[in-house]
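Everything on this sheet refers to the single structure shown next.
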Amino acid sequence: MSEETVPQQDGADARPKGLLQQMEELMAALNADLSALDADLQSAGDPGRPAGEERRAD
């Protein structure tokens, strides 16, 4: 019982995905979501500072 079994999703190929592949796919999806969120926040603007100016963590 050293191998992990991964439940198959509809439309997936016959063999289970490895953990590394799953993590890469999750990270890619997270990155896309964060990029979309960043774009939304940038377009909304921040009334306390000029557009395009980045916040500094001093």
In Å, rounded to the nearest 0.5 Å, how long is the span from CG of Leu20 to CE of Met27? 11.5 Å
Quick check for you: to the nearest 0.5 Å, what is the distance between Asp33 atom CG and Asp38 atom CG? 12.5 Å
Nearest 0.5 Å, what's the CG-CD distance between Asn31 and Glu24? 13.0 Å
When rounded to the nearest 0.5 Å, the distance separating CG of Leu41 from CG of Leu37 is 4.5 Å
Of all heavy-atom pairs between Lys17 and Gln22, which one has the smallest distance, and what is that distance? O-NE2, 3.8 Å
